[in-house]
Novice: 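One structure coming up, written as structure tokens, with questions to follow.
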Amino acid sequence: SRLRLSGLCFLFQILNILLFAVFVRYSPEGSPGQCPWQLNCSRRIQDSGFQQPRFQDSHIQVLLSFGLLVTFLGRYGPGSAAISILIIAFAIQWALLIQGILYSFLNGKIYVGAQSMVSADFCTAAVLISTGAVLGRVNPVQMLLLALLEVILCTLNEYILLNLMGVSDSGRSLTVHTFGAYFGLMVSRVLYQPHKDKRRRQEQQDMGQQADFFAVAGTIYLWIFWPSFTSTTTVHDNAENWAVLNTYFSLVASTVATFILSPVLYEESTPRMVQIQDATLAGMAVMGMAGEMLVTPFGALIAGFLVGLISPLGFRFFTPILRSRLKIQDTCGVHNIHGLPGILGALLGTLLTLLATADTYGDR
Amino acid sequence: SRLRLSGLCFLFQILNILLFAVFVRYSPEGSPGQCPWQLNCSRRIQDSGFQQPRFQDSHIQVLLSFGLLVTFLGRYGPGSAAISILIIAFAIQWALLIQGILYSFLNGKIYVGAQSMVSADFCTAAVLISTGAVLGRVNPVQMLLLALLEVILCTLNEYILLNLMGVSDSGRSLTVHTFGAYFGLMVSRVLYQPHKDKRRRQEQQDMGQQADFFAVAGTIYLWIFWPSFTSTTTVHDNAENWAVLNTYFSLVASTVATFILSPVLYEESTPRMVQIQDATLAGMAVMGMAGEMLVTPFGALIAGFLVGLISPLGFRFFTPILRSRLKIQDTCGVHNIHGLPGILGALLGTLLTLLATADTYGDR
Amino acid sequence: SRLRLSGLCFLFQILNILLFAVFVRYSPEGSPGQCPWQLNCSRRIQDSGFQQPRFQDSHIQVLLSFGLLVTFLGRYGPGSAAISILIIAFAIQWALLIQGILYSFLNGKIYVGAQSMVSADFCTAAVLISTGAVLGRVNPVQMLLLALLEVILCTLNEYILLNLMGVSDSGRSLTVHTFGAYFGLMVSRVLYQPHKDKRRRQEQQDMGQQADFFAVAGTIYLWIFWPSFTSTTTVHDNAENWAVLNTYFSLVASTVATFILSPVLYEESTPRMVQIQDATLAGMAVMGMAGEMLVTPFGALIAGFLVGLISPLGFRFFTPILRSRLKIQDTCGVHNIHGLPGILGALLGTLLTLLATADTYGDR
């Protein structure tokens with residue numbers, strides 16, 4: 001049984017190498033005649049301004065997944081890190097293949113570049129979020145198979161939402177946060193095992209101080225890198241700055257909200273670091289879609305403030321209901337951190353799109 | 001009493017949201033007609049070269065505060081991290097408002113952009129430095145009120161020095177390091193409590209190895225990000241490279257100096273990580289003002305070497321005098337890390353400005 | 001004896017300052033008339049495109065060394081970090097001087113800039129790799145003297161390979177990884193002390209969980225920063241993107257390979273974090289030379305996969321032989337992590353250069 005994971009990894013990696021050998025080629029992005037084939041180039045901004053920060057773009061591709069990884073460490077310590085890294089290593093290759101078939105398949109070849117890596121990484125992030133819901137109750141082999149399935153569904157979902165329905169979701173409120181959270185919860189419902197969950201929570205409590213150290217590191221990491229990450233995929237060039245600042249305002253307000261609500265809900269004067277980290281994540285998830293649309297700073301402050309209040313309330317009142325009534329265990333509380341804020345962000349984004357009449361954008 | 005911090009946070013956050021809603025708007029930085037109003041645009045370099053790295057600039061805005069935060073963790077562990085993050089979240093919003101009134105107030109509106117965030121972040125850094133002097137002796141509510149006051153004073157100080165007196169202080173030796181340190185020491189004198197300090201130091205010693213881990217992380221963080229941070233605010237475009245290299249040379253020499261002096265002052269063969277971190281910080285503080293002015297590498301080496309010798313001497317001989325004679329407790333030793341090096345840096349910068357006659361810059 | 005290290009540091013630092021004062025000046029890189037002297041400008045790409053990311057370049061200069069430093073923490077904890085930082089601080093100054101004499105010496109002056117710092121940092125990385133082989137068996141004074149010697153030899157080696165023989169080694173498979181590993185092993189042979197090694201390994205085992213934490217941090221750090229680092233020194237501008245993606249593919253495959261081989265070699269179901277970190281390092285070392293040459297993604301996948309299999313096999317079977325037969329102790333296993341992958345990378349690069357006929361590059 002110890003060798004089953006080993007064998008599965010071997011099979012998958014050989015499969016990936018073969019598929020890459022047959023199908024995948026580098027797209028000649030850097031060369032003068034860009035996108036001369038009949039590829040779906042609309043996803044890449046092909047003006048000259050794009051070529052400049054390509055280093056930056058490809059540099060940033062790995063940040064997102066690891067932001068989440070660092071975050072999980074705050075809850076589970078290095079024991080789960082090894083498996084997370086395996087999931088990332090497999091899911092990125094697989095997502096490149098699956099997304100390539102839908103987006104950049106031409107003459108029997110898939111052309112990949114820095115942008116493909118960023119897309120593949122978004123997909124990996126959704127897989128990691130789902131992992132958060134079932135962590136501690138599934139073994140590594142199950143996790144690998146889960147990743148295999150979710151990458152396909154996530155890509156289909158993204159294709160339907162972004163390309164067929166034309167939704168603008170640059171920060172991926174819907175396709176990453178919400179999809180990842182609810183897919184994870186669905187799997188958690190299917191794999192319902194009441195006893196394992198209790199044992200897991202005990203182990204978790206034992207970690208104590210070490211969890212706090214990782215939560216501090218994860219929070220700092222998110223504050224530093226996430227706002228700029230959100231802005232890499234904005235559609236409007238001018239909106240890049242706004243996306244950064246809006247995300248930043250949102251997480252500031254969300255953090256303060258946690259300090260307000262935490263002493264009311266729990267018997268502690270200051271919130272624990274894990275709660276601050278959750279607030280940071282929630283404040284970012286809500287800005288995923290609306291980040292580039294909000295044209296006033298106080299809108300971001302209000303959105304972040306509300307989501308910073310809703311997320312701890314969800315942990316206190318909604319998660320127990322989820323477990324007892326619906327038989328859905330949510331190990332990391334991904335419903336409160338990614339699911340609810342993602343839905344709120346999508347609603348806000350839709351509202352703003354509807355309101356974006358000529359006179360709103362006229363006085364820019 | 002547990003709910004007092006919660007209530008104060010609620011009050012401040014609602015106040016901030018209301019003030020933002022009434023006054024603050026995004027400045028149309030990205031749009032073609034930049035700065036068409038009668039704003040004080042001299043603070044922003046408005047040529048085309050500036051628009052390129054705007055992503056970088058706004059990205060970097062959060063680095064400084066967190067560099068300091070990571071640094072404090074080396075001394076106090078995650079217990080103080082939660083409060084530090086609250087202070088940062090509040091002070092950034094407040095500094096944006098206060099600085100906006102002085103610098104970019106027009107027709108009843110404050111226009112903010114990436115540069116405003118960087119300025120607000122400098123102010124937050126000064127608040128965090130002051131926090132270092134009183135940490136462990138004030139409660140969170142007092143800290144919030146302190147931040148409220150210091151942001152106003154820091155902005156006034158900056159306005160007087162940079163705009164009215166025309167001092168060139170791109171790395172903020174004076175306005176951040178020196179101001180933060182001496183404001184903190186002043187507050188520490190006012191709040192003199194001999195008993196609390198002793199208890200605090202005991203707790204600190206208990207942390208032992210964990211403190212070392214955070215000191216390693218903080219030092220690495222500072223080496224990586226600070227030199228490039230210093231260069232973002234240089235006035236002369238060509239001086240950017242020099243500012244990075246000078247800062248780097250300065251901290252290299254300062255680190256070696258700690259290895260020289262530490263075995264002489266203490267009975268250990270190698271300095272502890274916290275001392276190396278202090279040397280790194282001191283070597284950076286001294287380059288704040290002079291970083292873009294020094295035209296030879298050995299000048300930076302000498303300045304870093306001297307400050308690396310002065311800072312441990314201050315810890316050994318000056319801090320006890322401060323405590324016993326002047327009744328000023330300095331929990332983190334901010335006087336030795338930020339105060340003294342900041343003054344030395346300002347003196348060096350002034351000297352270089354006076355010497356900068358035509359023939360010095362002629363043979364560039 | 002406690003003051004011997006202190007005295008040596010003092011001597012070296014004063015020497016460095018004097019040499020810098022006499023010889024080193026900033027090169028006027030930013031000014032319009034670039035490289036007007038008869039300097040060896042071929043090493044720097046002097047087109048207009050280069051000036052843009054100079055911030056980035058100098059920013060990144062410190063990353064490499066610290067990546068390695070973080071890596072070592074996974075094995076030795078903060079005890080060795082202080083000495084590593086001293087070695088870095090000294091070796092960078094010394095490498096700037098030595099390399100300056102060979103590459104940019106003109107009219108009795110050495111002109112340094114951001115690129116010189118990057119080169120000096122590569123040299124420092126080689127010194128750190130060698131340190132990994134002898135760690136725990138040499139005292140700090142010996143390490144400093146070792147760094148003094150190795151910087152000179154490393155610069156000579158680099159000069160002969162890159163400038164005289166015209167080898168293209170942008171990611172430094174040969175000059176950093178292979179040279180550093182074998183220099184360290186050679187020193188380890190000279191300083192053979194059978195008893196110290198055993199004691200050291202015991203201490204190492206005692207660290208347990210803390211080592212795991214640092215290994216997680218080091219692995220994440222490498223994933224984030226190394227791929228982009230490799231690309232900064234590519235010769236062909238268009239190849240930058242490829243170098244990043246190839247390195248990334250290589251480390252992904254190498255990581256999966258560790259998961260395949262680890263349960264077979266050891267009695268554990270999942271590999272420990274230190275092993276994953278080793279796989280990450282090996283996957284990067286193999287792409288050093290060939291990273292910018294590989295024109296298909298599956299080539300990088302295969303190379304990474306093979307090296308990910310070879311490196312654990314080396315640890316299991318080759319390191320014991322090295323110790324018992326050749327009397328070479330290899331504390332960190334640098335032969336398996338840097339030596340073997342570096343040689344494989346160089347062989348692969350040479351092979352690709354030979355194969356790079358017109359028709360291979362024709363269908364780009």
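Quick caveat, the model's predicted, so the values are computed rather than measured. Labels below follow one simple rule: chain letters A, B, ... track the order of the sequence lines, proteins then strands, and each chain is numbered from 1.
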Novice: Which atoms of B:Leu96 are under 4.5 Å from chain A, going by heavy atoms: the side chain, the backbone, both sets, or neither?
Specialist: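 For B:Leu96, the side chain is the part near chain A, not the backbone.
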Novice: When only heavy atoms count and the cut-off is under 4.5 Å, which of residues 254-261 of chain A reach chain B?
Specialist: A:Thr255, A:Val256, A:Phe259, A:Ile260
Novice: May I ask you to test the B:Ile17-A:Phe249 pair for a side-chain heavy-atom distance under 4.5 Å?
Specialist: no
Novice: Answer with side chain, backbone, both or neither: which region of B:Ile14 has an atom nearer than 4.5 Å to a non-hydrogen atom of chain A?
Specialist: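 Contact with chain A involves the side chain of B:Ile14 alone.
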Novice: Who are the ring pair (Phe, Tyr, Trp, His ring centres under 6.0 Å) partners of B:Phe12, not counting sequence neighbours?
Specialist: B:Phe90
Novice: Donor-acceptor pairs under 3.5 angstrom involving side-chain atoms of residues 297-307 of chain A: please list them, not counting sequence neighbours.
Specialist:
none

Novice: Quick one: list whatever passes side-chain contact (heavy atoms from CB on, under 4.5 Å) with B:Leu146, sequence neighbours left out.
Specialist: B:Val134, B:Phe183, B:Val187
